[in-house]
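These notes are about the structure you will find just below.
What you are looking at is a predicted structure, and each value in this text was computed from that prediction instead of being measured.
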Amino acid sequence: MSDRGRLLRSLLTADVLLRVAAVVLAAAIVVRSLLAGAAGFWSIVLVLASAAVLWGLLRLATRVRSALSGAAAEAPSLPSFIADRPRSRLAAILALLVLIVHAGITGYVGVWTILVTVALAAIATLLSPNLRLVLVLGTTAVVFAAATVFVATFFQGSTEARALAVSLAAVILPVLVSDKLVGLFKQPALTITHQAVLAVLTLLLGFLGWTRADWLPGVMHNCYTLPTSTGITVLRATADGTRCYGLLDTADAGVFAATAFGRDPVTTRLERRILDNNKPLADGDLTVVWLGALSCDPPPGGGTGCADGRDYPSERDQLRAMLFAQKHIEDTTEHQLHVVIADATQDVRHAADIAKMIIEQRDALGPRLVVIGGGDSRDTTQSAINSLLDAGIPFIAPNLLADFGAPGRPFVDRAGYLQLAPPNLTYATDTAVRLADEFPDGYRLDVYQHPNATDLYTTSLVNDLLAAVAPNDKASARHVAALDRIDESICEGAEGPPAVIYFADRWTRFADFVQRIKEVCGHRLPRLVIADSSVSRFMANYQMRAVSMAHWPVDYYVGGPGCSALTDSSLRVLTGQIQHFHELFGMTAGESFTCADRAPEAAASGELRDACTLDAAAKMTSQPCHPNDLGGFLLPAWDAVILADALLPFADSDDRPAPAEYLAGLKIAGLPLSTKDSVATIEAGRLVTATVPVLLWHVDPLNDPARVWERPSPTLLLPHEKNP
């Protein structure tokens with residue numbers, strides 16, 4: 001046999017192959033998944049159990065081999081098993097074992113797996129049981145990596161020249177210096193393998209130092225992760241480092257990644273329940289990316305609240321719809337619903353970034369992909385939706401209403417954008433009709449809105465209200481741009497035409513608006529207060545209502561229908577889901593959910609006494625209540641999922657046509673949804689008629705959170721509503 005043949009044969013031994021495989025796998029995984037993922041307790045237990053099984057199989061093989069050879073079988077103990085084999089070989093076996101078993105358990109490789117693998121593979125690579133030598137080489141690599149980062153930052157010049165000079169220094173200098181250090185510590189001379197490992201480690205650590213701006217902030221603020229094996233979860237840290245935003249589809253995003261968005265415990269618990277239910281995507285599965293706001297600017301002292309006191313009850317209602325739909329689709333179809341939670345932070349500031357992430361992860365999200373939500377009708381939201389439509393991703397909006405620049409048209413007037421609620425002009429017209437009926441001799445409408453050029457919802461609503469009142473010669477409307485411009489002319493007994501105050505701003509300003517009315521009216525009552533649909537978020541927050549101290553009524557538009565509007569079949573389905581997830585609402589197993597507004601007395605008067613939404617049941621701990629109401633935002637989100645599952649075709653990604661053609665080809669005829677009057681018809685990728693009705697409810701008084709009327713106040717009832 002030639003020298004080359006003997007060399008190849010010597011390299012193809014089990015010992016060498018195991019060591020090489022361990023090193024190659026460890027290096028590949030470090031490059032792909034550095035600092036991503038998390039290994040749980042059970043993963044470690046299973047890895048150790050697998051190691052024991054491997055040892056047992058090797059021991060059994062020894063016995064079998066001895067029996068077949070006719071020799072007396074000896075049962076080697078664990079110490080002799082270790083002692084009889086090179087340390088490097090054992091380390092390589094364990095490194096491979098950790099990688100394979102953990103990857104099989106979790107679906108991806110975690111940071112603890114990487115650390116263990118690197119440690120074991122490093123020993124195997126150095127081919128030496130001399131830990132002092134390993135320590136010398138490792139310390140040398142760290143020192144020179146830090147030096148290369150400093151040099152690259154300090155010196156000027158082109159990026160290419162700087163990188164070339166630093167790379168050469170990182171390869172040559174550590175090797176030269178380490179030879180001196182090894183002699184100083186009286187260690188054996190370095191081999192070529194030692195020198196190669198030292199150079200690679202220095203370059204790898206130096207690269208991490210150069211790119212620290214990309215990964216270090218995320219690690220520091222629990223927002224860093226690379227995509228898992230599903231390729232979906234992507235997190236980023238906000239500029240101030242106070243919170244994360246991005247895409248999350250797993251409850252185990254990693255030791256350096258958030259497991260949920262926001263700080264509110266009820267919200268995070270709900271998110272984790274949804275994410276725990278996710279399974280790897282299979283053929284035919286529907287992927288829903290829920291896009292909205294779940295995190296907020298934190299208060300100066302920390303805690304779980306928000307700096308401006310806001311909460312997210314409507315967002316939680318939509319997430320509950322996702323949770324219920326997951327279970328319903330799993331029980332009634334042969335495919336699954338995979339929910340991706342996308343937090344665009346307060347006021348959906350990062351909606352455009354979220355859209356980019358979704359588009360970048362398009363292939364991993366599967367062919368049946370839809371985005372549902374949107375949060376607020378702002379310019380960032382509109383830009384994000386257009387980007388998604390450009391990529392051929394349909395968008396369903398349960399509660400976006402802005403029609404800025406195109407009164408009476410959808411927020412985004414394109415195929416593939418399905419807006420379930422009617423536009424702002426429809427709500428404004430409804431207000432004008434009701435006021436004209438109540439005040440036939442004329443009235444004055446004061447529309448309060450703090451000007452905000454980027455808020456397309458409030459800006460368009462003001463314009464639509466002014467336009468809706470303009471044809472009435474006996475009425476007038478004006479824009480009130482600041483709270484201090486609200487005066488006592490809106491109070492009962494004031495001179496002049498009847499004055500109606502309309503809140504056309506975001507619900508986060510409603511508490512200040514209420515306080516201003518209390519200041520100007522004193523012991524008198526305001527003549528009539530009407531609020532936009534954004535205020536339904538305020539009304540869903542029991543605490544905010546209770547502390548408002550306002551003892552007068554408010555009429556407000558709601559985000560969706562109540563429980564009484566459900567069809568019998570939808571009522572059975574949703575009631576079953578609520579009872580299945582009973583622990584999320586403080587219910588006991590077997591305890592039933594009953595809609596308060598379906599009781600005969602509530603149906604006759606429209607009043608809900610002792611109303612307790614699902615969100616209130618989950619949030620109210622000092623005075624817990626039994627849930628009897630769905631909340632105003634759950635049903636539109638539920639309908640959005642049901643519509644998406646019926647609408648999106650079952651096709652492979654390779655068979656999908658061009659984006660514009662795909663969206664324009666979406667169609668469905670007469671799909672019944674959750675409520676008695678909601679039927680969805682889609683032609684050429686556009687919803688023919690809105691499925692969410694225009695509903696005006698009222699509370700009286702505002703500061704009693706247990707009382708809601710699912711109809712307008714008597715002042716604003718139209719003739720056909722007074723005598724149905």
Side-chain angles (χ1 to χ4, degrees), residues 232 247 249 274 277-278 281-292 317-342 355 358 361-362 365-375 384-385 388-389 391-400 410-412 414-421 560 570 573-574 577 633-651 653 656 659 662-675 678-692:
I232 296 175
L247 309 178
D249 84 319
I274 294 172
N277 290 343
N278 278 338
L281 282 172
D283 292 342
D285 286 354
L286 173 68
T287 303
V288 169
V289 179
W290 179 88
L291 172 60
D317 279 348
Q318 292 190 6
L319 290 178
R320 290 183 185 101
M322 301 294 132
L323 178 65
F324 296 164
Q326 270 184 322
K327 184 70 168 57
H328 175 67
I329 290 177
E330 180 181 6
D331 292 343
T332 58
T333 70
E334 296 181 353
H335 59 275
Q336 306 285 334
L337 170 61
H338 192 96
V339 178
V340 182
I341 300 175
I358 296 172
Q361 311 303 114
R362 179 68 181 87
L365 289 164
R368 302 187 72 222
L369 169 64
V370 64
V371 180
I372 293 177
I385 294 173
L388 293 169
L389 297 178
I393 302 172
F395 193 104
I396 303 180
N399 63 319
L400 298 183
F411 179 48
V412 176
R414 293 178 57 183
Y417 173 76
L418 308 175
Q419 181 174 304
L420 303 188
S570 297
V573 170
L574 287 172
Q577 296 301 325
F633 289 81
L634 191 148
L635 292 183
W638 167 271
D639 284 345
V641 178
I642 301 304
L643 174 60
D645 196 38
L647 177 65
L648 299 185
F650 289 81
S653 300
R656 190 170 55 246
Y662 170 71
L663 297 178
L666 297 176
K667 60 181 180 180
I668 197 167
L671 175 69
L673 297 178
S674 62
T675 59
S678 58
V679 177
T681 297
I682 297 173
E683 298 176 356
R686 296 172 183 265
L687 189 65
V688 175
T689 305
T691 61
V692 176

Distance-minimising heavy-atom pair for [X] and [Y]:
X	Y	result
Ile274	Leu319	CD1-O, 3.3 Å
Leu648	Pro394	CD2-CG, 3.9 Å
Pro398	Val692	O-CG2, 4.2 Å
Leu389	Ala415	CD2-O, 4.0 Å
Tyr417	Val412	CD2-O, 2.8 Å
Met322	Val641	CE-CG2, 3.5 Å

Look up atom [atom1] in [X] and atom [atom2] in [Y], then write down how far apart they are to the nearest 0.5 Å.
X	Y	atom1	atom2	answer
Asp331	Gln326	CG	CD	11.5 Å
Leu388	Leu291	CG	CG	8.0 Å
Lys667	Glu683	NZ	CD	9.5 Å
Gln318	Leu323	CD	CG	14.0 Å
Thr689	Leu420	OG1	CG	12.0 Å
Asn278	Ile232	CG	CD1	8.0 Å

Between the main-chain N or O of Leu400 and the side-chain N or O of Gln419, is there a donor-acceptor pair closer than 3.5 Å?
-> yes
Hey, does the side chain of Thr681 reach the backbone of Val688 with a donor-acceptor pair shorter than 3.5 angstrom?
-> no
Under 6.0 Å from the CG atom of Asp283, do we count more than 12 heavy atoms belonging to anything else shown?
-> no
Do the rings of His335 and Phe650 sit parallel, tilted or perpendicular, given the 30° and 60° boundaries?
-> perpendicular
Among Val288, Leu643, Leu418, Val339, which residue meets the side-chain contact (heavy atoms from CB on, under 4.5 Å) test with Ile372?
-> Val288
Does the pair Ile642 and His328 meet the rule for a side chain to side chain contact (heavy atoms under 4.5 Å, CB included), with working shown?
-> CA-CA 10 Å; Ile642 301 304; His328 175 67; 4.1 Å; yes
